[in-house]
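Here the structure is laid out as structure tokens; the discussion comes afterwards.
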Amino acid sequence: MGLDSRGEKRQEKGKKKRFLLVEFGKRTKMSKPDYSGTFNMVEQTNMDSYLGALDINFALRKIVCLLSPSKEITHDPASGDIRIRTLTTFKNFNMDFTIGKEFTEDLGPVDGRTCQTTVSWEGDNLLCVQKGEKEGRGWTHWLEGDKLHLEMRVAGITAKQVFKKA
């Protein structure tokens, strides 16, 4: 199967069309979306239950549920390095990682815990698995148009936030 003039694979019968990056006439690995940008929260669901599953006290849960965080994401698709800054008027949280590489994450600003974290690609979604005291902890980020979706999971509880690109 060859490439057409735009660097796209020609579609075979019964197969999905896939796009390739072409650099100086050479094929490179499949491209992934660039998550870079500033996003402001526009929607939040089930956050109180999620924070309760993390053993966050009642008063702090109520404060967090009133916040409207923004996210500043810097993503280098070539290296897989990502920096996510979650900013609020109450507390900020920074997360720096390389896709596919496990690291020790300090969740002190969130719930006082540390865990072994790996963020990897699942299709075009960023899938985070956090191994530690709490079972089933992690999150998934995905893009839909100008919206950034975040689904957070712990102990069978799921919360969701939606952010709009600024």
Side-chain angles (χ1 to χ4, degrees), residues 6-8 18-47 50-51 54 56 60-61 63-134 136-154 157-166:
R6 293 178 299 181
E8 299 175 1
R18 298 195 157 224
F19 298 93
L20 296 176
L21 290 175
V22 176
E23 185 175 293
F24 305 111
K26 295 180 183 178
R27 283 189 277 176
T28 61
K29 66 183 178 180
M30 296 297 292
S31 65
K32 293 292 182 186
D34 184 349
Y35 278 72
S36 296
T38 300
F39 301 86
N40 298 313
M41 191 178 76
V42 294
E43 184 181 327
Q44 177 170 272
T45 57
N46 209 33
M47 184 58 79
Y50 171 78
L51 295 171
L54 288 171
I56 305 296
L60 186 54
R61 287 198 321 262
I63 292 169
V64 170
C65 288
L66 293 173
L67 298 173
S68 291
S70 62
K71 289 193 178 280
E72 293 178 357
I73 302 176
T74 307
H75 175 199
D76 180 354
S79 67
D81 292 339
I82 295 183
R83 179 175 198 195
I84 300 174
R85 295 181 63 214
T86 303
L87 308 169
T88 72
T89 55
F90 181 66
K91 213 179 254 190
N92 298 329
F93 181 71
N94 295 326
M95 183 178 187
D96 299 295
F97 59 91
T98 301
I99 295 171
K101 292 187 181 177
E102 185 177 76
F103 63 98
T104 300
E105 183 177 8
D106 178 8
L107 293 165
V110 179
D111 64 1
R113 295 181 172 93
T114 59
C115 60
Q116 291 305 115
T117 300
T118 305
V119 180
S120 56
W121 289 111
E122 184 177 85
D124 287 343
N125 299 348
L126 288 174
L127 175 68
C128 174
V129 175
Q130 298 167 314
K131 297 177 186 173
E133 289 178 40
K134 292 289 185 174
R137 186 171 185 174
W139 51 259
T140 303
H141 264 306
W142 69 94
L143 295 167
E144 285 181 4
D146 67 346
K147 293 194 176 155
L148 171 71
H149 295 260
L150 172 60
E151 181 180 272
M152 299 166 282
R153 300 170 297 278
V154 65
I157 305 292
T158 302
K160 187 172 180 192
Q161 293 178 327
V162 180
F163 298 81
K164 185 172 174 139
K165 195 162 195 172

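Every heavy atom of this structure was used, including side-chain atoms; hydrogens, water molecules and symmetry mates were not.
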- Query: Looking only at heavy atoms, what is the nearest atom pair of Asn94 and Arg85, with distance?
  - Reply: OD1-CG, 3.1 Å
- Task: Any chance you could measure Cys115, atom SG, to Glu102, atom CD, to the nearest 0.5 Å?
- Result: 9.5 Å
- For Lys91 against Thr88, the heavy-atom pair lying closest together: O-OG1, 2.5 Å
- Query: Taking atom CG of Asp34 and atom OG1 of Thr74, what is their separation to the nearest 0.5 Å?
  - Reply: 9.5 Å
- Message: Is it true that, when you exclude Lys160 itself, more than 12 heavy atoms of the residues, nucleotides or ligands shown sit nearer than 6.0 Å to its NZ?
- Response: yes
- Relative to the ring of His149, is the ring of Trp142 parallel (under 30°), tilted (30 to 60°) or perpendicular (over 60°)? parallel
- If the plane angle is over 60° it's perpendicular, under 30° parallel, otherwise tilted; pick one for Phe103 and Phe97. parallel
- Sub-4.5 Å side-chain heavy-atom contact between Ile99 and Ile82: yes
- Going through the distances and angles, do Arg153 and Thr140 end up as a side-chain hydrogen bond (donor to acceptor under 3.5 Å, both in side chains)? CA-CA 9 Å; Arg153 300 170 297 278; Thr140 303; 2.9 Å; yes
- Query: Do Trp139 and Leu126 have side-chain heavy atoms sitting under 4.5 Å apart?
  - Reply: yes
- Task: Determine whether Gln130 and Cys128 make a side-chain contact, defined as any pair of heavy atoms from C-beta on separated by less than 4.5 Å.
- Result: yes
- Note, Tyr50 side chain near Cys65 side chain (heavy atom, < 4.5 Å): no
- Output the distance between atom OG (Ser31) and atom CG (Asp124), rounded to the nearest 0.5 Å. 8.0 Å
- Message: Please check this pair: side chain of Arg113 against backbone of Leu54, looking for a donor-acceptor N/O pair closer than 3.5 Å.
- Response: yes
- Would you indicate whether the side-chain heavy atoms of Phe163 and Thr86 approach each other to under 4.5 Å? no
- Task: Check whether any side-chain N or O of Lys32 sits under 3.5 Å from a backbone N or O of Gly123 as a donor-acceptor pair, and report yes or no.
- Result: yes
- Check whether any side-chain heavy atom of Asn125 sits under 4.5 Å from a side-chain heavy atom of His141, and report yes or no. no
- Message: Go through it in stages, so that I can follow the logic: the residues are Ile84 and Phe93, the test is side-chain contact (heavy atoms from CB on, under 4.5 Å), and I'd like the CA-CA distance, side-chain angles, deciding distance and then a yes or no.
- Response: CA-CA 8 Å; Ile84 300 174; Phe93 181 71; over 6 Å; no
- Decide yes or no on side-chain contact (heavy atoms from CB on, under 4.5 Å) for Glu43 and Lys147, but give the supporting numbers first. CA-CA 11 Å; Glu43 184 181 327; Lys147 293 194 176 155; over 6 Å; no
- Message: Using 0.5 Å steps for rounding, measure from the CD1 atom of Ile63 to the CD1 atom of Ile56.
- Response: 11.5 Å
- First locate atom OH of Tyr35, then atom CD1 of Ile73, and finally report the distance between them rounded to the nearest 0.5 Å. 8.5 Å
- Task: Please assess Leu107 against Thr117 for the test side-chain contact (heavy atoms from CB on, under 4.5 Å), listing each intermediate value before the final yes or no.
- Result: CA-CA 11 Å; Leu107 293 165; Thr117 300; 5.8 Å; no
- Message: Distance check, rounded to the nearest 0.5 Å: Asp96 atom CG versus Arg83 atom CZ?
- Response: 5.0 Å
- Query: Quick one: does Leu67's side chain get under 4.5 Å of Met41's, heavy atoms only?
  - Reply: no
- Task: Please assess Thr38 against Lys165 for the test side-chain contact (heavy atoms from CB on, under 4.5 Å), listing each intermediate value before the final yes or no.
- Result: CA-CA 6 Å; Thr38 300; Lys165 195 162 195 172; over 6 Å; no
- Note on the structure: Across all chains, not counting sequence neighbours, the salt bridge (Lys or Arg N to Asp or Glu O under 4.0 Å) partners of Lys134 are Asp55
- Query: Are Glu105 and Thr114 close enough that a side-chain donor and a side-chain acceptor fall under 3.5 Å?
  - Reply: no
- Query: Side chains of Lys164 and Asn40: closer than 4.5 Å at any heavy-atom pair?
  - Reply: no
